[in-house]
There are 2 protein chains.
Amino acid sequence: MLQCRMQLIFRAGIILDLDRSNNHEQPIRSIPILRRHKQPDPRPVSARRVTLTDIARGCGVSRATVSLVLRGSPLPAADTRTRVQAELKKQGYVYNRAAANLRQRRSSSVALVVNDLSNPFFAEFAAGVDEALGAAGYVTLLGSTSESPERQQRVLTSLMEHDPAGIILSPAEGSDGAQLQQILGTHVPVLVFNREPAHVQWTASHWDYLALANRRGAALATHHLLERGHRRIAFFGGHADSSSCRERRCGYADALAAAGIAVEPELLIETAPTRLDAAARTAALFVHDPAPTAAVCYNDAVALGLMLGLATRGMRAGRDFAVTGFDDIPEAAVSTPPLTTLASDPRARGHQAATRILERVRHPDIDAVRGSVPVRLIIRASSEATIA
Amino acid sequence: MLQCRMQLIFRAGIILDLDRSNNHEQPIRSIPILRRHKQPDPRPVSARRVTLTDIARGCGVSRATVSLVLRGSPLPAADTRTRVQAELKKQGYVYNRAAANLRQRRSSSVALVVNDLSNPFFAEFAAGVDEALGAAGYVTLLGSTSESPERQQRVLTSLMEHDPAGIILSPAEGSDGAQLQQILGTHVPVLVFNREPAHVQWTASHWDYLALANRRGAALATHHLLERGHRRIAFFGGHADSSSCRERRCGYADALAAAGIAVEPELLIETAPTRLDAAARTAALFVHDPAPTAAVCYNDAVALGLMLGLATRGMRAGRDFAVTGFDDIPEAAVSTPPLTTLASDPRARGHQAATRILERVRHPDIDAVRGSVPVRLIIRASSEATIA
DNA sequence: CCGATCTTTTGGAACGATCCAAGGAACTCG
DNA sequence: CGAGTTCCTTGGATCGTTCCAAAAGATCGG
């Protein structure tokens with residue numbers, strides 16, 4: 001009955017594991033949180049924050065009045081307002097939003113959890129999210145998971161303790177929806193971006209979902225290669241157990257089917273979604289006899305790796321072999337040759353995600369939205385190779 | 001006497017400008033904050049957060065006891081602990097760190113303010129910061145400024161209201177230290193990264209400073225080109241009013257001086273630190289007669305732009321002209337030709353920055369630290385061109 | 001001058017946690 | 001048996017804000 005482990009995470013990354021509740025040998029004494037209390041308050045007394053009460057005392061009105069002035073209520077008389085505002089300025093008052101949020105049972109932050117900021121796609125996305133949230137007066141709580149579901153659980157637990165108004169989550173690969181739902185509960189609005197974790201009960205929670213038009217994008221790329229005359233086209237890279245890879249493969253299959261071509265399993269090649277592994281696995285394209293003349297790649301990193309791998313075999317992408325990518329990372333435009341790929345404007349996606357989660361915060365009860373965002377094909381030299 | 005404008009920023013980006021306090025024509029009535037109150041609490045009553053009191057009631061103990069159990073104090077009796085823990089799990093309790101922080105007058109977040117997440121250097125840096133902060137149990141409050149000092153003021157004000165334990169700030173170009181200090185006050189620990197704003201009274205505040213070894217790095221690159229036989233070397237890109245550009249120019253001058261070569265002003269060429277502008281201004285290198293044969297570029301973006309500009313003039317970097325960059329962004333390794341540049345491992349810098357700000361949070365009174373982080377020269381093909 | 005109305009101000013109880021001093025129960029010991 | 005110890009538990013004040021109901025002034029008509 002204690003199947004699912006529930007963990008509460010405290011500051012300094014300390015995990016109080018409730019399942020240990022049977023161990024009575026003081027399993028908890030080792031938790032160092034109380035040590036903190038032994039330290040005197042690190043801030044000197046003079047460093048105390050200026051509060052409403054200080055202002056109120058300073059100009060002889062009540063806290064309530066100062067609060068009203070602060071929030072720009074029309075109630076206070078004009079000269080009271082002036083006096084209070086002068087005092088605010090004089091003492092250098094800084095609003096304590098945490099206290100206000102506590103009282104109002106409201107939150108002014110949104111958590112953003114991404115796998116990897118060093119991926120330019122996510123970095124742009126994060127920039128977009130932060131811009132839009134900031135404009136709406138919200139603050140972004142950042143969390144990154146490095147594609148590790150365990151880290152993701154920890155990060156989410158920690159973020160939840162900060163009571164975000166909503167969560168924008170680009171799940172780590174292999175994350176489990178049930179585990180997520182256990183940590184996130186059913187009440188905080190969640191927008192799942194880009195990837196669909198397994199075992200999510202979409203109906204139980206009202207989670208929104210926003211993903212690129214993976215299927216359509218891959219179909220566009222494949223169709224483009226077909227137009228150039230290619231008939232043996234590989235799908236190169238990614239793991240078949242990630243939802244985005246599966247969707248892209250579907251699009252690839254769609255386009256082939258429309259051209260009356262059957263999908264050949266040996267032309268579906270898996271790699272880690274990194275440049276390095278893609279380069280290393282290039283040879284797998286050429287083991288079967290009529291070798292493919294083109295490849296739709298899982299994403300740009302894979303495509304760049306493949307182009308590297310081709311070069312080491314004496315082939316040049318765009319001349320001897322056609323390559324397409326996915327994401328349009330900045331490098332795609334300046335690689336040699338420049339990479340044909342699918343652009344999705346990740347910064348705009350970030351805006352979109354932020355806008356939607358705020359909308360959901362305002363209206364928690366409307367039905368969940370499953371959205372897909374359009375991508376467009378950017379044709380560059382890497383797909384110029386044609387079939388004579 | 002009201003020279004400096006002081007602004008208080010409220011949610012939804014509304015600015016209550018205290019200098020308007022003279023306008024009595026209800027300048028404030030337009031502030032829509034009160035509208036919010038008219039909406040009923042958007043969350044259904046059942047969505048209420050589970051609190052300590054709920055748990056206490058649920059298993060017949062006092063709030064204080066539950067709190068002790070939560071924090072892993074050795075005080076509670078073993079069976080009490082078990083009962084409480086069962087109840088915590090049963091009700092799906094989520095710790096409210098904001099409330100705890102309020103009582104404890106402590107903060108568990110650190111603000112990170114960067115110009116531009118879409119710059120891979122800062123993205124990596126942010127990832128490093130978040131990793132290290134997360135490991136220490138802190139949450140990252142993200143803010144981005146898009147290089148605009150005005151946006152930076154707004155963002156910082158908003159972040160300050162969330163009471164961060166410290167701030168890691170990579171200042172927007174052209175930010176003014178005095179304005180920053182006015183908003184940040186003198187008590188919150190600040191770590192200034194990468195760039196030095198003008199007019200900071202470093203002695204008044206205890207701000208730490210962490211920057212790349214700009215001067216030494218540029219000297220390394222220049223020295224490298226000198227070794228290859230170049231004598232006319234330009235410094236290309238950046239604005240002379242940014243501190244990092246000035247420092248890099250100093251290093252460039254150092255190396256030239258060591259080789260007994262005078263700096264020629266016409267070889268100092270300014271550009272915006274972007275690929276595009278650098279490409280556009282390439283011609284400026286070749287207006288004087290013995291034209292330079294090599295250029296030390298302000299950063300990688302500029303260097304990549306310069307290589308593009310050279311190509312349109314029929315020259316190839318690495319063959320006809322030697323180029324070096326700064327930052328070692330991922331593209332540098334895969335451009336054609338690959339770019340000689342200075343690497344600084346931004347992710348590790350992020351760790352370092354986070355570690356230092358936490359150290360400062362623990363010891364607010366030790367002297368401010370001014371640190372510079374080493375860079376190393378990565379030699380690639382773009383600087384291969386030699387003087388016959 | 002009194003009550004009615006309107007405008008402005010206010011004290012005190014929240015919000016969800018922690019801290020503290022004090023209380024009760026169970027033991028021990030002389 | 002009563003005092004002292006140890007172990008565990010607790011009520012109430014507190015953090016900095018907002019909300020609410022009600023008080024205090026001001027204005028006015030009759």
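Letters A, B, ... are given to chains in the order of the sequence lines, protein chains preceding strands, and every chain is numbered from 1.
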Where do N or O atoms of nucleotides 23-28 of chain C meet protein N or O atoms at under 3.5 Å, pair by pair?
none

What's the [atom1]-[atom2] distance between [X] and [N], to the nearest Å?
{"X": "B/Arg81", "N": "D/dC7", "atom1": "CZ", "atom2": "C1'", "value": "13 Å"}
{"X": "B/Arg71", "N": "D/dT9", "atom1": "CZ", "atom2": "C1'", "value": "14 Å"}
{"X": "A/Arg97", "N": "D/dT18", "atom1": "CZ", "atom2": "C1'", "value": "13 Å"}
{"X": "A/Arg105", "N": "D/dT18", "atom1": "CZ", "atom2": "P", "value": "16 Å"}
{"X": "B/Glu161", "N": "D/dT17", "atom1": "CD", "atom2": "P", "value": "10 Å"}
{"X": "B/His162", "N": "D/dT17", "atom1": "NE2", "atom2": "C1'", "value": "14 Å"}
{"X": "B/Asn101", "N": "C/dC15", "atom1": "CG", "atom2": "C1'", "value": "15 Å"}
{"X": "B/Leu52", "N": "C/dC15", "atom1": "CG", "atom2": "C1'", "value": "12 Å"}

Start with the C-alpha gap between B/Arg356 and B/Asp208, add the side-chain angles, then the distance that decides, and say whether salt bridge (Lys or Arg N to Asp or Glu O under 4.0 Å) holds.
-> CA-CA 9 Å; B/Arg356 179 164 297 173; B/Asp208 295 317; 5.6 Å; no
Counting only side-chain nitrogens and oxygens, does [X] get under 4.0 Å of the OP1 or OP2 atom of [N]?
{"X": "B/Thr80", "N": "D/dT9", "answer": "yes"}
{"X": "A/Gln104", "N": "D/dC19", "answer": "yes"}
{"X": "A/Ser67", "N": "D/dT18", "answer": "yes"}

Check: [Y] main-chain N/O paired with [X] side-chain donor or acceptor under 3.5 Å:
{"X": "B/Thr51", "Y": "B/Thr53", "result": "yes"}
{"X": "A/Arg81", "Y": "A/Val66", "result": "no"}
{"X": "B/Ser67", "Y": "B/Arg63", "result": "no"}
{"X": "A/Gln181", "Y": "A/Gln201", "result": "yes"}
{"X": "B/Ser107", "Y": "B/Asp163", "result": "yes"}
{"X": "B/Arg360", "Y": "B/His206", "result": "yes"}
{"X": "A/Ser73", "Y": "A/Leu75", "result": "yes"}

B/Arg103 (side chain) and C/dT18 (base): donor-acceptor pair under 3.5 Å =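 Counting by modelled atom types and ignoring angles, a donor-acceptor contact under 3.5 Å is found here.
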Got more than 12 heavy atoms from elsewhere within 6.0 Å of CD, B/Gln91?
->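 Atom CD in B/Gln91 is packed in, count exceeds 12.
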Residue met sooner reading DNA chain D from 5', once B/Ala77 and A/Thr51 are mapped to nucleotides =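 Result: B/Ala77.
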Would you mind reading off the bend of the helix from C/dC1-D/dG30 to C/dG30-D/dC1 from its two end axes, five pairs each, to 10 degrees?
->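 For the helix from C/dC1-D/dG30 to C/dG30-D/dC1, the axes at either end differ by 70°.
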How far apart are the C-alpha atoms of A/Arg48 and A/Asp54, what are their side-chain angles, what is the distance that settles it, and do they pass the salt bridge (Lys or Arg N to Asp or Glu O under 4.0 Å) test?
-> CA-CA 11 Å; A/Arg48 238 194 61 242; A/Asp54 298 320; 2.9 Å; yes
Among residues 53-66 of chain B, which contact DNA chain C at a heavy-atom distance under 4.0 Å?
->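 Here the set is B/Arg63, B/Ala64.
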For B/Leu102 and for A/Pro76, locate the closest nucleotide of DNA chain C by heavy-atom distance; then report the residue assigned to the nucleotide nearer the 5' terminus.
->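 Between the two, 5'-proximity favours A/Pro76.
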Looking at A/Leu358 and A/Ala136, what are the two nearest heavy atoms and their distance?
->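 Looks like CD1-CB, 3.5 Å.
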A/Pro149 and A/Ala172: which non-hydrogen atoms are nearest, and at how many Å?
->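 The answer is N-CB, 4.1 Å.
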